Amino acid sequence: VDAIDTVLTASTCGPIGINQTTTITESGYYCVSSSFIGNITVAAPYVVIDLNDHTITTIDNGITIKSGAHNTNIYHGTILLAANNTVGIGIESGVSQVALKNITVKGNPLYSGTTAIAAYGTDIAPINTMIVQECLLQVCTIGYAGNSSNAYVKNTLFTGNDYAVTTTKMFNSVFADCEIYQSRIGFTIAQSKNITIKNSVLNIENIGCMLNECNSCAIFDCCFNYPSHILQNPIAAIVLKNGSYTQCNNNTFKLATVHY
């Protein structure tokens with residue numbers, strides 16, 4: 001983590017500029033020099049992309065990290081989703097060491113099926129070691145989706161998404177110091193193991209955390225808040241189904257009619 005954070009603190013724009021749809025096929029430091037409509041595909045390992053506080057507007061995938069493009073770092077910018085079924089940042093199976101920092105992915109209520117960050121590995125070619133830090137994922141169908149191992153999502157704000165986090169077969173991962181606002185469901189996690197959700201605030205309209213067939217997970221030091229206008233029906237802050245050894249400690253609940 002320290003090594004990746006060191007890379008992400010770079011502030012000067014590198015010699016390889018991007019101002020249009022681009023496929024990166026060589027390792028290096030790339031800098032977006034102006035906002036544009038299109039996408040970026042990363043097809044090489046050891047790539048750093050400085051979005052340089054510019055905006056990519058996309059009707060497809062804003063940034064795609066292809067299989068084998070290990071050690072990809074992306075930071076400091078915005079991706080706008082301008083069509084149905086679009087993805088802000090898509091990570092293919094067979095990728096390791098991805099870091100995303102200080103990125104905003106914003107959908108639009110007019111468009112459905114949108115995902116801010118999608119990381120879909122497979123049993124044969126998993127996604128291993130992801131860091132998502134200080135990002136804003138908003139107004140999408142799903143904020144963070146997929147499956148991976150050793151993911152660390154920290155200080156990230158989810159707002160206005162139908163589902164903040166939806167994952168299956170995720171292992172040894174942590175969500176820490178996150179905030180979720182104006183979302184129907186906070187975390188939906190299935191068939192996963194060793195997942196920790198801690199020090200987070202969930203202002204949601206339905207279920208806060210649903211864990212299905214999950215083992216050895218932990219939810220602690222979280223605050224579950226519900227707006228008063230949705231309290232006509234019972235609301236479960238945390239739902240645990242068909243799993244084992246999940247601990248829920250030191251959480252607080254405001255206006256939740258059913259805690260567990």
Side-chain angles (χ1 to χ4, degrees), residues 105 107 109 112 114-119 130 132-260:
V105 180
S112 62
T114 56
T115 303
I117 298 174
M130 279 190 59
V132 179
Q133 186 173 356
E134 298 172 14
C135 291
L136 170 59
L137 312 179
Q138 61 182 147
V139 200
C140 293
T141 305
I142 302 173
Y144 179 98
N147 46 28
S148 57
S149 297
N150 303 307
Y152 188 58
V153 182
K154 180 178 174 62
N155 289 330
T156 290
L157 174 61
F158 302 80
T159 179
N161 306 291
D162 286 341
Y163 300 85
V165 176
T166 300
T167 69
T168 302
K169 294 185 177 181
M170 191 176 199
F171 305 102
N172 306 318
S173 297
V174 176
F175 295 86
D177 304 303
C178 294
E179 296 184 38
I180 299 174
Y181 292 95
Q182 299 175 327
S183 296
R184 286 202 308 115
I185 296 179
F187 292 88
T188 302
I189 301 175
Q191 300 175 21
S192 299
K193 185 176 182 179
N194 294 327
I195 307 299
T196 298
I197 302 168
K198 65 179 182 178
N199 300 326
S200 295
V201 176
L202 294 85
N203 292 273
I204 32 92
E205 298 188 356
N206 203 302
I207 297 171
C209 298
M210 177 180 285
L211 276 61
N212 186 15
E213 297 183 35
C214 294
N215 300 313
S216 301
C217 298
I219 303 169
F220 62 92
D221 293 331
C222 293
C223 180
F224 296 82
N225 297 324
Y226 289 84
S228 59
H229 70 275
I230 61 167
L231 293 181
Q232 298 90 345
N233 299 311
I235 297 166
I238 300 173
V239 176
L240 307 177
K241 299 174 62 179
N242 304 320
S244 61
Y245 303 109
T246 291
Q247 301 181 34
C248 300
N249 298 321
N250 203 33
N251 298 297
T252 60
F253 304 90
K254 183 178 180 181
L255 297 179
T257 55
V258 180
H259 291 181
Y260 300 99

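A quick note: this is a predicted structure, and the numbers were derived from the prediction, not measured.
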Kindly indicate whether the side chain of I238, heavy atoms from C-beta on, has any atom under 4.5 Å from the side chain of C222. no
T168 and S192 have their tightest heavy-atom pair at C-OG, 4.1 Å
On a heavy-atom basis, the closest approach of L137 and N161 is O-ND2, 2.9 Å
All heavy atoms of A151 vs all of S173, minimum pair found to be N-OG, 3.0 Å
N242 vs N212, test: side chain to side chain contact (heavy atoms under 4.5 Å, CB included). Steps then yes/no. CA-CA 6 Å; N242 304 320; N212 186 15; 3.5 Å; yes
Between C209 and L202, is the side chain to side chain contact (heavy atoms under 4.5 Å, CB included) condition met? List the steps. CA-CA 9 Å; C209 298; L202 294 85; 4.2 Å; yes
Using the salt bridge (charged side-chain N to carboxylate O under 4.0 Å, His left out) rule, collect all pairs that involve residues 165-186, keeping only residues at least two apart or in two chains. D123-K169, K154-D177
Let me confirm one number: the CZ-CD1 distance from F158 to I204, rounded to the nearest 0.5 Å. 13.5 Å
Treating T114 as the side-chain partner and T141 as the backbone partner, does any N or O pair qualify as donor plus acceptor under 3.5 Å? yes
CG-CZ distance between N199 and F220, expressed to the nearest 0.5 angstrom: 6.5 Å
Which heavy atom of N225 sits nearest a heavy atom of V201, and at what distance? ND2-CG1, 4.1 Å
All heavy atoms of S183 vs all of G160, minimum pair found to be OG-N, 4.0 Å
Which is it for C214 and I195 under the side chain to side chain contact (heavy atoms under 4.5 Å, CB included) test, yes or no, and what are the steps along the way? CA-CA 8 Å; C214 294; I195 307 299; 5.9 Å; no
Look up atom OG1 in T196 and atom CG in D221, then write down how far apart they are to the nearest 0.5 Å. 11.5 Å
Might you confirm whether atom CD of E134 has over 12 heavy atoms from other residues, nucleotides or ligands at distances under 6.0 Å? yes
Is the closest side-chain heavy-atom distance between I180 and F175 below 4.5 Å? no
Between the CD1 atom in I189 and the CD atom in E213, the distance rounded to the nearest 0.5 Å is 13.5 Å
So, the side chain of S200 versus the backbone of K198: is there a donor-acceptor pair under 3.5 Å, distance only? yes
Looking only at non-hydrogen atoms, find the nearest pair between M130 and A119 and report the distance. SD-CB, 3.7 Å
Just how far is it from atom OH of Y152 to atom OG1 of T156, taken to the nearest 0.5 Å? 10.5 Å
Applying side chain to side chain contact (heavy atoms under 4.5 Å, CB included) to Y181 and L157, what does each step give before you reach the verdict? CA-CA 8 Å; Y181 292 95; L157 174 61; 3.5 Å; yes
Rounded distance [0.5 Å steps], CD in E205 versus CG in D162: 10.0 Å
